[in-house]
Amino acid sequence: MLRESFKIWILIILHTVGLIGLNSPYKELFFNLSAINLLITAWLLLDNLGKKEIWFYAIVFLLSFAIEAIGVATRFPFGHYIYGHNLGPKIFDVPLVIGLNWVILLRAALSTCSNNYFLAAILMTTIDFFIEAKAPKLGYWFWHTKQIPMANYIAWFVIALIFGLAHH
């Protein structure tokens, strides 16, 4: 297990280098490292959890991946979107790391909000709002319409709330 302060410094350095890299002439290389960034971030956030918590986040990973696969295939519950190639290998047209994204955001939101699942759901939905603006430019995912459907944000809130309640 790594010390918390060391993990925080790793995350700060990792994300600072990524931010600089995505705005550099070498941005294609950094796009291709996005999945690795998510893997490292998830490992650092889950490093010191007990067996019960690990199982909980494993279930979140699987359920969120399944929900995303259903969403891509049926346009429900998020709306009409497709994933690009910058998040790594896909199954059912969904990058394998997308479940990690949900795990990372849920873990961070619950920690930030002192396990208040309602505030954590609001925080996750707010973060998604800001991610949505950048995702197409980064080649992560693309919406069928220029306007991101309100259903996306409602689904994010409801799913995050359910995961938060399950954690509680």
Test of understanding: with side-chain contact (heavy atoms from CB on, under 4.5 Å), list the residues that count as partners of [X], not counting sequence neighbours.
| X | value |
| --- | --- |
| L62 | none |
| A155 | P77, F78, I159 |
| I36 | L33, I40 |
| T74 | I70, F76 |

Practice prompt. Would you mind listing the cluster partners of F142? Hydrophobic ones only (ILVMFWY), side-chain contacts under 4.5 Å, chaining allowed.
Written response: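 Members besides F142, by chain and number: I82.
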
Treat each ILVMFWY residue as a node, draw an edge where side-chain heavy atoms are under 4.5 Å apart, and state whether [X] and [Y] are in one component.
| X | Y | answer |
| --- | --- | --- |
| I8 | F6 | no |
| I12 | L39 | no |
| W43 | W9 | no |
| F130 | W102 | yes |
| V158 | W156 | yes |

Worksheet entry | Note, I131 side chain near Y140 side chain (heavy atom, < 4.5 Å) |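 They are not in contact (no side-chain heavy atoms under 4.5 Å apart), so the answer is no.
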
Worksheet entry | Of all pairs that satisfy ring-ring contact (aromatic ring centres under 6.0 Å, His included), the ones with a partner from residues 44-66, not counting sequence neighbours |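 Those involving residues 44-66 are F56-H167.
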
Only distances under 3.5 Å count here; give the side-chain donor-acceptor pairs of residues 85-96 to other protein atoms, sequence neighbours excluded, each with its distance to 0.1 Å.
unit_1 : atom_1 : unit_2 : atom_2 : d
N86    : ND2    : L138   : O      : 2.6
K90    : NZ     : Y83    : O      : 2.8
K90    : NZ     : G84    : O      : 3.1

Discussion item. If you compare all heavy atoms of I104 against all heavy atoms of L38, which two are closest, and at what distance to 0.1 Å?
Written reply: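 Heavy atoms only, the tightest pair is CD1-O, 3.4 Å.
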
Fill in: Non-hydrogen atoms of L100 and A42 that approach each other most closely
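Scanning both residues completely, I find the closest heavy atoms to be CD2-CB, 3.6 Å.
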
Fill in: Atom pair CD1/NE2 of I13 and H15 - distance to nearest 0.5 Å
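Interatomic distance, I13 CD1 to H15 NE2, rounded to 0.5 Å: 12.0 Å.
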
Worksheet entry | From CG (L14) to OG1 (T41), nearest 0.5 Å |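 So the gap between those two atoms works out to 5.0 Å.
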
Please set out all donor-acceptor pairs under 3.5 angstrom arising from side-chain atoms of residues 19-29, sequence neighbours excluded.
unit_1 : atom_1 : unit_2 : atom_2 : d
N23    : ND2    : L19    : O      : 2.8
S24    : OG     : G21    : O      : 2.8
S24    : OG     : Y26    : N      : 3.0

Worksheet entry | Ring centroid separation Y81 to W143 under 6.0 Å |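 That pair passes the under 6.0 Å test.
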
Name all residues meeting the side-chain hydrogen bond (donor to acceptor under 3.5 Å, both in side chains) criterion together with [X]; count only those two or more places apart in sequence or in a different chain, and write none if there are none.
| X | result |
| --- | --- |
| Y153 | none |
| S111 | R107 |
| N152 | D128, E132 |

Hey, can you pull the donor-acceptor pairs under 3.5 Å for the side chains in residues 115-125, sequence neighbours left out?
unit_1 : atom_1 : unit_2 : atom_2 : d
N116   : OD1    : F118   : N      : 3.1
N116   : OD1    : L119   : N      : 3.0
T125   : OG1    : A121   : O      : 2.8
T125   : OG1    : F157   : N      : 3.3

